[in-house]
Amino acid sequence: MDLILLGTACAASGQERDNTYLLLREASGSTLIDIGGNPLGKLKKLNLSTHDVKRVLFTHFHTDHIYGLPSLLWGMWIDKRTEPFDIYCEATEKQWLESWLSLMRTGEWPVAFEIRIHAFDWQTASTVWEEGDVSLSVFPSLHGVPTVGIRAVCGEKVLVYSADTTPNPLIRGMGPIDVLVHEATTAEQGLRTHSTLSEIADYYDWSGVGQGILVHLSDGEPYEAVMAQLPVSVSSKLTLGQDMAVISID
Ligand SMILES: [Zn+2]
Ligand SMILES: [Zn+2]
C-alpha cells in the first residue's frame, strides 16, 4: 500500500499546499481520507482514474476536509461510473451529508452509481472496513467537533493519521507505529484544538515510531527553526509533508 499526501495545508490552504487529505493506494482500489482541493486533477497526476477510488472516510466535517466531494462525484459521473461509491462518516453527520448530496441534486443526475453512506460512532474505536490483510479503523480525536483519527493496518505495517487534534493519548498508547502522519498547524504557538510541532515532539515516544510526517501546515511558521532545536533522536524521525509525496507502507 502507498500513502499519498494529496494535500498538506491547514484550513487556510497554502501558496504551495492544498488542504490536508490523503490517498491510500492499493492495486485492488484506493481509499481517500477526506477530500480537499482538485481531487480529479490530483488523480490524473497519479495516473489513477476515478474508477480506482472505491471509498472515502471523512475524519470530520470542517469545510477544509470535505469540500472536494462534489467535484469528485461529478468526475465519477463524467467517467460513467457504475460501481458503488462508499462514504464512511460519523453518525451524527449522516443526515447532514444526505442533505448536502440532495443539495447537489445527485438524485437528479443521470447517476448510474449508488452512493452508500456507512455511519460509525466517532467516540468508539472501531474497524470500519477490512479486506484481505488491510483494515481501516477509527478512534476519537480531540478537536472540539466530532473527529476521528485513522489507524490503517497493511499486513504487519501500521499507519496512523491523527486528523485534526490536540496531542492524543490514544495515539501515544498505541505501541509501535511505522508511519505516523500528524497535524502540526503551528510550529510552537499554542492552539486550542490543534497541535504544535513543539507539543507533539515532546508528547509522543518517537522511539516507537518509524517515521513521522507533519501535515495541516501553515505558511510562514518557523517549523525548520523549531525542528533544529529538537533532540536529533526526534528530529531525525520527522519530515514536513509535501503535496503529492508518496510513502510506501509495505
Ligand atoms: Zn482542518
Ligand atoms: Zn478541523
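Atoms within a ligand are numbered from 1 in the order they appear, just like the ligands themselves.
The Zn ion (ligand 1) lies under 2.8 Å from an N, O or S atom belonging to D164. The Zn ion (ligand 2) has an N, O or S atom of H143 inside 2.8 Å of it. The Zn ion (ligand 2) has no N, O or S atom of D64 closer than 2.8 Å. In summary, no N, O or S atom of H65 is located under 2.8 Å from the Zn ion (ligand 2). Not one N, O or S atom of H60 sits under 2.8 Å from the Zn ion (ligand 1).
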Before giving the answer on side chain to side chain contact (heavy atoms under 4.5 Å, CB included), spell out for V138 and Y88 the whole-Å C-alpha distance, their side-chain angles and the decisive distance to 0.1 Å. CA-CA 10 Å; V138 296; Y88 295 83; over 6 Å; no
Would you check, one step at a time, whether the test side chain to side chain contact (heavy atoms under 4.5 Å, CB included) holds for F61 with C89? CA-CA 9 Å; F61 276 69; C89 72; 3.7 Å; yes
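As for H216, its N/O/S atom nearest the Zn ion (ligand 1) is the one called NE2. Its N, O or S atom nearest to the Zn ion (ligand 2) is what matters here, and for H62 that atom is ND1.
The aromatic rings of H65 and H60 sit tilted, their planes meeting at an angle between 30° and 60°.
Atom CD of Q95 sits in a sparse spot, with 12 or fewer heavy atoms from other residues, nucleotides or ligands closer than 6.0 Å.
Looking at heavy atoms from C-beta onward, T193 lies out of side-chain contact with H62 at the 4.5 angstrom threshold.
Shown are L180, L5, L238; of these, the side-chain contact (heavy atoms from CB on, under 4.5 Å) with I213 is made only by L5.
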